[in-house]
Amino acid sequence: MSAAPRPDPYAPRGLWRGLESGAAILLAAMWAAPLVYAVWAAIHPAEFTTRFVLSAPLTLDNFARAWAAAPFARYFLNTFVLVTLILICQLCLGTLAAYALARRPFFGRDVAFALILVQLMVMPDALIVENYRTLAAVNLVDTIPAIALPYVASAFGIFLLRQAFKQVPRELDEAARVEGAGPLQILLKVYVPLARPTYIAYGLVSVSYHWNNFLWPLIVTNSVEARPLTVGLAVFSSTDQGVDWAVICAATLMTSGPLLVAFLLFQRQFVQSFMRAGLK
Amino acid sequence: MRPRATATIHGWLLLAPAMACLAVFTHWPAVASFWHSFHSTPKGKRPARFVGVENYQQMIGDPIFWKAMVNNLWFALGTIPLSVGLALAMAVWVNDRIVGRTAVRMAYFTPTILPMIAVANIWMFFFTPQYGLFEQIAGVFGLSAGNWLGSRDLALPAIMIVTIWKEAGFFMIFYLAALQALSPSLAEAAALEGASRWTFFRRIQLPLLAPTTLFVLINAMINAFRMIDHIFVMTRGGPDNATTLLLYYIYQVGFSFWDTAYAATLTCVLLALLALAAFVQYGWLERRTHYQ
């Protein structure tokens, strides 16, 4: 991306480099162990779950049994609908709000921003009791929108997009205005395209967060029709399987599979997105 | 006057959808928790009635509440320094040109994108007595790993290990981003002055990373109250409430015992703790944090 990196005078050399690499790799091995083990258990017959011999036969039987034992296809569909719904709503609401906060000076803007930032501290997880009460009152419990609703306005997303919009040169905004573009047109034609990296970064963070979210979906769903993968997996591994670790590992890998494969393919993109989301 | 009024109307119209959702699902429930904590739980035909501070009195006399608070304190004290410290070490390593950097970075980061509920299953197996993985490894040396998840003293540390494993790589990303944003001329200048690597790290890199540390600390603090998914799989708060954290207790009271008024009371405590954390971090630490 940039020119050749300048030599770092503090880059470790010789023995020190070996020691540092060794420590880092040891830690990496510990960090990778659960996943590596899950793969081992999932692709070998149950009798090799705790016997690590290279001659163990490979099998996909565990995946087939997990798939047959619970309505995973439905869970996948639910999760897919859920993360898509949340992402679309978050991006629409966030774009409008961030635009107002970044580039439209108006009465009460700072108060509004402060009220939005409250959500960074008081996350929806802390408000499960009252949010359940609200959704029960409007008869939405056990639906996919019920899982999504507390998250559709995201303070984090609004904050990120506001930062991105603030970096758009004002000259572009003014030029578009001179050309006769209205506020919404300016937003869609100037701001949104220029904030693309932020949209991608936030999208990846949001999708992986809601793919993995568990507590609120657990509370607000109680049927196969609404349950996302995480809750489905929890139900599956606590009741149906007893102690068949090979099948549980297969189900575990299956539920994290799409995200994991996407991560392995677009590792750079993922890491950079999370970095971008973390930088103020 | 007119253009200002128009700007205000436009501004609030743009904000309206997001604000409405936040009002219904963040602001209102926070206020409602407070309101309901002074009322009784409606049962059958008996509606909720005002009971004053009765719920709070019940809470002060509730040993499980205190157990959850103490557990949460230990959980925070155990997970925050370790995960933040490890994250910093990981970031420094991955930022240096060590052997196998890409693979190492991937290993550190992978837990972040795996569902906690799913990896809890795997960790559960690691900790299983008799034939779990730790037991097998200990068995090679003729030892016994013991029953961590069934032990009153070791269940919480086991939960903490999983939490640290899950968080450290996530926090590493923020440190890595900050490290890569530092100008290379800083290192060149320090080397010219003959500063050792340790001095460079302690006196230059670490102070410049202070805003990141603040950000990561806030996140770690919030996570200490929020990360409870693995408890559902690994211990369900047991044994004998040894792993009951505040949010897990709120879940139990609210959705297993259906005592919504008492759950609202506990929620108020959680909100007060989060507010206190926000106050401490933004008010006190922010002033002591060095910005460029």
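In what follows, chains carry the letters A, B, and so on, assigned in the order in which the sequence lines appear, proteins first and then strands, with residues in each chain numbered from 1.
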Aromatic ring pairing B:Phe125/A:Trp245, orientation class (parallel under 30°, perpendicular over 60°, tilted between): tilted
In Å, rounded to the nearest 0.5 Å, how long is the span from CG of B:Leu271 to CG of A:Leu127? 5.5 Å
Heavy-atom distance under 4.5 Å to chain A: side chain of B:Val253, backbone, both or neither? neither
Taking B:Ile113's backbone N and O only, do any of them form a donor-acceptor pair with A:Asn212's side chain (distance below 3.5 Å, no angle check)? yes
Applying a strict 4.5 Å limit to non-hydrogen atoms, the region of A:Val152 in contact with chain B is side chain
What verdict does the salt bridge (Lys or Arg N to Asp or Glu O under 4.0 Å) test give for A:Glu20 and B:Arg197, after you've listed the backbone C-alpha separation in whole Å, the side-chain angles of each residue and the deciding distance to 0.1 Å? CA-CA 13 Å; A:Glu20 209 181 294; B:Arg197 180 152 187 263; 3.3 Å; yes
Applying a strict 4.5 Å limit to non-hydrogen atoms, the region of B:Leu270 in contact with chain A is side chain
Exactly one of B:Phe25, B:Tyr251, B:Phe255 clears ring pair (Phe, Tyr, Trp, His ring centres under 6.0 Å) with A:Tyr132, and that residue is B:Phe255
Are the side chain of B:His27 and the backbone N or O of A:Val118 linked by a donor-acceptor pair below 3.5 Å? no
On a heavy-atom basis, the closest approach of A:Glu130 and B:Ala32 is OE1-CB, 3.5 Å
Mind checking whether A:Phe263 and B:Phe109 have parallel, tilted or perpendicular rings, split at 30° and 60°? tilted
What orientation do B:Tyr108 and A:Trp31 show, parallel under 30°, tilted 30 to 60°, or perpendicular over 60°? perpendicular
Chain A heavy atoms under 4.5 Å from B:Leu14: which part of the residue, side chain, backbone, both or neither? both
Contact class of B:Ala20 relative to chain A, heavy atoms under 4.5 angstrom: neither
